[in-house]
Amino acid sequence: AADNRTLKQLAVSELKTEEIDGERKVKLFKIGIDASAWMHSVCAVFQFNHAGAGKSPELRTLFFRLGTLLKLPLHVVFVFDGLKHLPEKGRMVRNSPHWLTCDFQRMLELFGFNIQAPGEAEAELAAMNAHGVIDAAMTEDSDILIFGAPCIIRSAKKDKDYLNVEVYTEDGLEHGASLARGDRLLIALLAGGDYDEGVSGCGIKIAHKVAQHSKIGQEMLHAFLSLAPELFSERAKELVMELRSMLATDPYHFLGRWYKAVADSIPLEFPRCEVISKYVDPITSFSATRSSALAAQDVLSCQPHLADIADFCRVQFGWDDDAIVERMYGGIWEGAYLRTLCKVRITLFVDNR
């Protein structure tokens with residue numbers, strides 16, 4: 001279901017031109033990135049031997065990653081969790097920002113990247129993708145598979161620099177992996193996720209088999225979206241009866257064995273409407289207005305602020321002038337030149353018409 005490629009290959013393959021107001025302009029691929037995934041990943045790297053890694057090793061690692069990103073023909077927006085608007089979660093509660101947040105956001109501003117922090121990052125990324133604000137959403141959180149993002153980017157396994165990626169599309173998931181959105185919803189409801197503990201004894205392997213070899217999840221999602229709450233409750237009872245029968249007797253031999261204990265563990269209130277709602281209709285900046293106005297917002301990167309970046313490195317990393325010039329030469333200046341070149345290219349297109 002995944003298309004494996006480098007982030008550079010993806011950016012270049014999606015590079016286009018378009019005519020706006022009579023002018024031919026360069027259109028860069030737009031991605032939204034889950035900022036928390038970046039912050040947590042760098043903290044894991046320096047979990048041990050932090051003292052021997054120099055000053056601010058986590059922030060320094062983020063600096064070099066941003067330098068690599070800056071060199072790619074991309075428009076990027078980093079989406080943070082807006083803690084005031086986060087929904088209640090069954091497994092974990094975040095009541096304070098990550099300790100890197102303030103410095104990371106300042107660094108993003110200096111690099112010219114966009115920042116948003118409306119609510120839950122994964123849900124916001126999915127909504128931005130669905131409304132066409134971004135072309136793809138980049139996150140490691142599997143919840144986005146249920147939120148409905150049309151194009152998802154995940155870093156390849158063991159790639160700490162986010163250069164090799166796996167690209168998932170809705171079409172690829174549905175037809176390549178035989179997992180429609182309703183199937184993925186059922187997996188989350190059975191195996192558990194951020195909003196619910198799931199069914200006792202039902203791991204991801206069992207849930208995947210049930211979802212892949214039945215229409216229960218798809219019919220449940222369709223019923224939730226199309227029926228009134230009272231009618232949905234009645235339809236859900238029928239689907240849960242079918243689910244219990246499938247687990248307990250494996251009538252078509254898709255599961256490979258009986259799971260009677262799991263079937264007996266399904267709660268009477270399963271599935272809970274409030275849990276389905278958090279996956280299917282999460283609160284985002286789009287749901288606040290229920291209009292298409294936000295879809296008109298554009299994600300455009302700005303030129304990096306080179307002098308301010310140098311000052312930031314001097315204060316945060318303790319680099320002297322020679323070290324700053326050396327470290328900015330390969331990544332930051334190349335990225336600044338690329339963005340300038342895109343603007344020059346626009347002029348060339350117009351002049352050659």
Side-chain angles (χ1 to χ4, degrees), residues 6-12 14-15 17 23 25-39 41-42 45-46 53-80 97-117 134-135 138 160-163 297-350:
T6 67
L7 197 55
K8 182 177 181 179
Q9 288 173 334
L10 176 63
V12 172
E14 297 296 333
L15 190 63
T17 61
E23 293 185 356
K25 296 187 177 181
V26 177
K27 184 180 181 182
L28 303 184
F29 195 64
K30 301 175 183 180
I31 64 171
I33 297 178
D34 182 0
S36 65
W38 278 43
M39 293 188 291
S41 67
V42 297
V45 172
F46 296 103
K55 186 177 181 180
S56 305
E58 297 91 352
L59 201 60
R60 194 172 66 244
T61 302
L62 291 173
F63 174 87
F64 287 119
R65 284 187 183 175
L66 291 179
T68 300
L69 199 61
L70 192 68
K71 294 188 292 184
L72 301 179
L74 293 168
H75 285 311
V76 181
V77 56
F78 280 82
V79 180
F80 290 77
H98 193 282
W99 65 272
L100 281 170
T101 298
C102 183
D103 288 331
F104 188 31
Q105 288 182 342
R106 173 58 180 159
M107 195 157 55
L108 289 171
E109 292 173 354
L110 298 180
F111 272 79
F113 294 130
N114 282 262
I115 300 173
Q116 290 191 24
I134 56 177
D135 298 306
M138 188 173 189
K160 299 178 181 179
D161 295 320
Y162 290 82
L163 295 179
Q297 292 184 357
D298 213 352
V299 174
L300 297 174
S301 302
C302 301
Q303 283 285 355
H305 307 281
L306 300 179
D308 292 333
I309 290 177
D311 289 338
F312 183 90
C313 294
R314 190 176 291 110
V315 173
Q316 293 291 340
F317 308 141
W319 295 346
D320 59 23
D321 291 346
D322 290 340
I324 291 173
V325 171
E326 179 184 352
R327 288 170 172 82
M328 290 181 65
Y329 180 78
I332 312 302
W333 291 354
E334 185 177 334
Y337 176 77
L338 173 66
R339 277 152 174 71
T340 302
L341 185 62
C342 287
K343 294 182 179 180
V344 171
R345 188 61 174 169
I346 294 172
T347 305
L348 291 177
F349 269 114
V350 174

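Hydrogens, waters and symmetry mates play no part in the numbers below; they use all other heavy atoms, side chains included.
- Closest non-hydrogen pair, Ile324 versus Ala310, comes out as CD1-O, 3.4 Å.
- Across all non-hydrogen atoms, the minimal contact from Leu74 to Ala11 is CD2-CB, 3.5 Å.
- Residue pairs meeting the salt bridge (Lys or Arg N to Asp or Glu O under 4.0 Å) criterion with at least one member in residues 98-108, sequence neighbours excluded, are Arg106-Glu109.
- Minimum interatomic distance between Leu338 and Pro73 (heavy atoms only, all atoms of both residues): CD2-N, 3.6 Å.
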Stepwise side chain to side chain contact (heavy atoms under 4.5 Å, CB included) check, Glu58 with Trp99: CA-CA 11 Å; Glu58 297 91 352; Trp99 65 272; 3.6 Å; yes

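- Between the CH2 atom of Trp38 and the NE2 atom of His98 there is a distance of 14.5 Å, given to the nearest 0.5 Å.
- Contact check for Ser41 versus Arg65: side-chain heavy atoms found under the 4.5 Å cut-off.
- By the 6.0 Å contact criterion, OH on Tyr337 is open, its count of non-hydrogen atoms from other residues, nucleotides or ligands being 12 or less.
- Closest heavy-atom contact between Leu59 and Phe104: CD1-N, 4.1 Å.
- With hydrogens and angles ignored, the 3.5 Å screen pairs no side-chain donor or acceptor of Thr61 with any backbone N or O of Val42.
- With rounding to the nearest 0.5 Å, the separation of CG in Leu341 from CD in Glu334 is 11.0 Å.
- Atom-to-atom distance recorded for Lys27:NZ and Thr17:OG1 is 10.0 Å, nearest 0.5 angstrom.
- Listed by first and then second residue, the salt bridge (Lys or Arg N to Asp or Glu O under 4.0 Å) pairs that reach into residues 321-330 are Arg314-Asp321, sequence neighbours excluded.
- Proximity of His305 to Phe312: side-chain heavy atoms (C-beta onward) are nowhere separated by under 4.5 Å.
- Nearest heavy atom pair, residue Arg339 against residue Cys302, reads CD-O, 4.0 Å.
- The two residues Pro304 and Ile309 make their nearest non-hydrogen contact at CB-CD1, 4.0 Å.
- Every ring pair (Phe, Tyr, Trp, His ring centres under 6.0 Å) that Phe111 has, sequence neighbours left out, goes to Phe63.
- Summarising the geometry, atom CD1 belonging to Ile332 is positioned 8.5 Å from atom OG1 belonging to Thr68; distances are rounded to the nearest 0.5 Å.
- You'll find the side chain of Asp135 stays beyond 4.5 Å of the side chain of Ile31, heavy atoms only.
- Tested against Val76, the residues Leu28, Leu70, Leu69, Leu66 include a single side-chain contact (heavy atoms from CB on, under 4.5 Å) partner, Leu69.
- Partners of Asp34 under the side-chain hydrogen bond (donor to acceptor under 3.5 Å, both in side chains) rule, at least two apart in sequence or in another chain, are Ser36, Thr139.
- Scored by the side chain to side chain contact (heavy atoms under 4.5 Å, CB included) test, Val325 finds Trp333 as partners (sequence neighbours excluded).
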Pair Phe80-Met39, side chain to side chain contact (heavy atoms under 4.5 Å, CB included): steps then yes or no: CA-CA 10 Å; Phe80 290 77; Met39 293 188 291; 3.9 Å; yes

